[in-house]
Engineer: 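My questions will all concern the structure given below.
Below, chains carry the letters A, B, ... as their sequence lines are ordered, and counting in each starts from 1. Predicted model, so just to flag it, every value in this text is computed and none were measured.
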Number of protein chains: 2
Amino acid sequence: MSERTRRVTAADVARSLGVSRATVGYVLNNTPGQTISAATRERVLAEAERLGYRPHRTAQALASGRSMIVMLLLPDWPMEYSLRQHLETASRVLDEAGYSLVTHTRHGGGHARPLWELLSPDVVIAWTPITAAERASMKASGITRILPPPRQSRSFLASPTLNAGARLQIDYLHELGHRRIGYAASGDKRLALLSRGRVAGAREAAERLGLGLLDVRPVDHRGGSAAKALRHWRQEGVTAIAAFNDNLAAMTMAAALRAGLAVPGDLAVIGHDDTPLAGMLYPSLSSVSIDNVGLGHYFADLALRAARDEPPPEKAPDLHARVVPRESTIR
Amino acid sequence: MSERTRRVTAADVARSLGVSRATVGYVLNNTPGQTISAATRERVLAEAERLGYRPHRTAQALASGRSMIVMLLLPDWPMEYSLRQHLETASRVLDEAGYSLVTHTRHGGGHARPLWELLSPDVVIAWTPITAAERASMKASGITRILPPPRQSRSFLASPTLNAGARLQIDYLHELGHRRIGYAASGDKRLALLSRGRVAGAREAAERLGLGLLDVRPVDHRGGSAAKALRHWRQEGVTAIAAFNDNLAAMTMAAALRAGLAVPGDLAVIGHDDTPLAGMLYPSLSSVSIDNVGLGHYFADLALRAARDEPPPEKAPDLHARVVPRESTIR
DNA sequence: TGGTACGGCTTGCGCGTGCAAGCTGTACCA
DNA sequence: TGGTACAGCTTGCACGCGCAAGCCGTACCA
């Protein structure tokens, strides 16, 4: 095995310099309340650099009780581009604050050992509701900062903030002159919470505009569901469809074209999230784009405040939703 | 703060039972070479259960030198569905072996502290080539098992295994009677390695079939690129397009339809990866499906062997690529 | 000249675990 | 009856670090 070259520790740096290990630690951590001469500080830094010292994060975590890890629990539905894009921003912001973002997708099977137990993150923040069992498991692992808090576990996904886009879709279609509008909701159970929220937003907008009841139909990836919904809509004289996301919009549009309808002539369609897919279709798909960067900042802020045991920000983030018009709604 | 309820440690279990901490450890870890009476074993297990003991993974990692973490470095291109689906399988297989899979996407910015330093995984395994700097950083963090090894850093992405699908595309189009076939390669630099491999596979198949040189054109997400490629192909009398992936296929198809061509009448199109997108289009997109489960097993196996310091498997995995025919190639 | 203040360090414990080595009593054998 | 073997434990160190507390010398002041 040839003594698998051991990694350099703070003790190595100290020994090689003839100072104590504590001194090395104080210098490298810039520990407040310690007075170290500039000369020593310089020597320590130089030697650490020379030896290629890397602090052993595991040992740091054990000693300090903080792992500097923020764990973001993602839904296992395909959020693809749309909501996932904010991760990069969140990761960067947290990084600047000294925290690392680790994402985790809980897939059904039930892990032998859940990842939070392994990583002991300082903060767990979840997109999807956290089950009581999961919460208990986290508590037992010593995780105290869990977002969202118990009572609000479903709050964010159902929050009005995330409905702004849905309202906008209806406003936009109304503006184009459509008076009978259908809504393609998600038939996927995993998306139920989010979908319900958006439906509520769309309904609200429709009511405000005096459009009467919105014709909401579930669409999923299974073959006939879009075609079936379409028949209903046509019977009701619907001339425009707002969809839960771009995927459902694409499926609805395909069903319409396959049925011999013209898009947007006979049926206008608008998606949600402005994924790359929208631009790949023919006709290209109008959509609603969302401020993913802002969302990333919001999540990072949420996590950082929790890590510092500060109260959460009162106000939800502004999504800055805006319509991206393409061929599927305008000629 | 009310003494933020401390987590239960092995010492708590030992104390409450009047046995030593080592005994608790031996029982819970089933340490070989230790003889513990059935009665004591039972008592320890019961008490650990009763107190809700969870081993402190961080401390375990520090003491044992193994984190039981496998870190998979993902490319930052949108592999979304296609190649990413294998993750679930890999995660499950590793989980059964006691390892946890943590995925990490290195986005350009350059982390202040790279994630591998934070987690000290037992194995790092990368889809994309690992830079020399990254490799050095890993070594300095004490990570010795890095896949792929230095010299082969580009091997997997360029391996013939991953080209099986491209060969199949050409075979299939040839079978349908097409003799002038175009290939839509990826214009994305991040995909260059993979794309080049597939182009090579497609070329090989074309040559074998006596089709002469394949007409390869880059397509990317930018507006005009598909239309431009299409004009070239039409001039050359191309009647069918094999695309690097479903996205490029969709864009090519949209460009064709927009130009007034019939698909598949004037131009047949086949994608690669069989993403959900394929079924959402009109005409629906023929594609090549890949055995993601098998790929997941392969990655897990690769990681596990490395973790145990065993030699890697000699043979690459069989992708079991197969054509999924849809409307874009057959009427 | 004695006392105090404080800069600049060192000593040492604790974090929760794995594991080598040692220790004790009983069973068994010559 | 004395010795050996071994089941069934315990003692104690190591992992690499953070950090509280202490220690030593010099500068400054009365």
Engineer: Counting just side-chain N and O atoms, does Thr35(A) come under 4.0 Å of either OP1 or OP2 of dC9(C)?
Structural biologist: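 Thr35(A) to dC9(C) OP1/OP2: no side-chain N or O under 4.0 Å.
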Engineer: Please check the phosphate of dG8(C) (OP1 and OP2 only) for any side-chain N or O of Thr40(A) closer than 4.0 Å.
Structural biologist: no
Engineer: Minimum heavy-atom separation for Arg41(B) to Asn30(B), with atom names?
Structural biologist: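 That closest heavy-atom pairing would be NH1-OD1, 3.2 Å.
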Engineer: Which part of the nucleic acid, if any, lies within reach of Ser37(B) when heavy atoms closer than 4.0 Å are counted: base, sugar-phosphate only, or nothing?
Structural biologist: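 Touches sugar-phosphate only.
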Engineer: Between Ser67(B) and Ser120(B), do the side chains contain an N or O donor and an N or O acceptor separated by less than 3.5 Å?
Structural biologist: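 The criterion, which ignores hydrogens and geometry beyond distance, is not satisfied for Ser120(B) and Ser67(B).
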Engineer: Side chains of Trp116(B) and Ser137(B): donor-acceptor distance under 3.5 Å anywhere?
Structural biologist: yes
Engineer: Whole angstrom is fine here: how far is it from CG in Leu28(B) over to P in dG18(C)?
Structural biologist: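 So the two atoms are 8 Å apart, to the nearest Å.
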Engineer: Between C1' on dC6(D) and CD1 on Ile36(B), what's the gap in Å once rounded to a whole number?
Structural biologist: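 Rounding to the nearest Å, CD1 of Ile36(B) and C1' of dC6(D) are 14 Å apart.
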Engineer: Please determine whether side chain to side chain contact (heavy atoms under 4.5 Å, CB included) holds for the pair Ile130(A) and Ile146(A), giving the CA-CA distance in whole Å, both sets of side-chain angles, and the decisive distance to 0.1 Å.
Structural biologist: CA-CA 9 Å; Ile130(A) 302 174; Ile146(A) 305 172; 3.5 Å; yes
Engineer: I'd like to know whether CD of Glu49(A) has more than 12 heavy-atom contacts from other residues, nucleotides or ligands below 6.0 angstrom.
Structural biologist: no
Engineer: For every nucleotide of nucleotides 12-22 of chain D, 5' to 3': is a protein heavy atom under 4.0 Å from its base (B), only from its sugar-phosphate (S), or from neither (-)?
Structural biologist: ---BBBBBB--
Engineer: In terms of side-chain heavy atoms, does Tyr99(A) have a donor or acceptor partner in Arg66(A) at a distance below 3.5 Å?
Structural biologist: yes
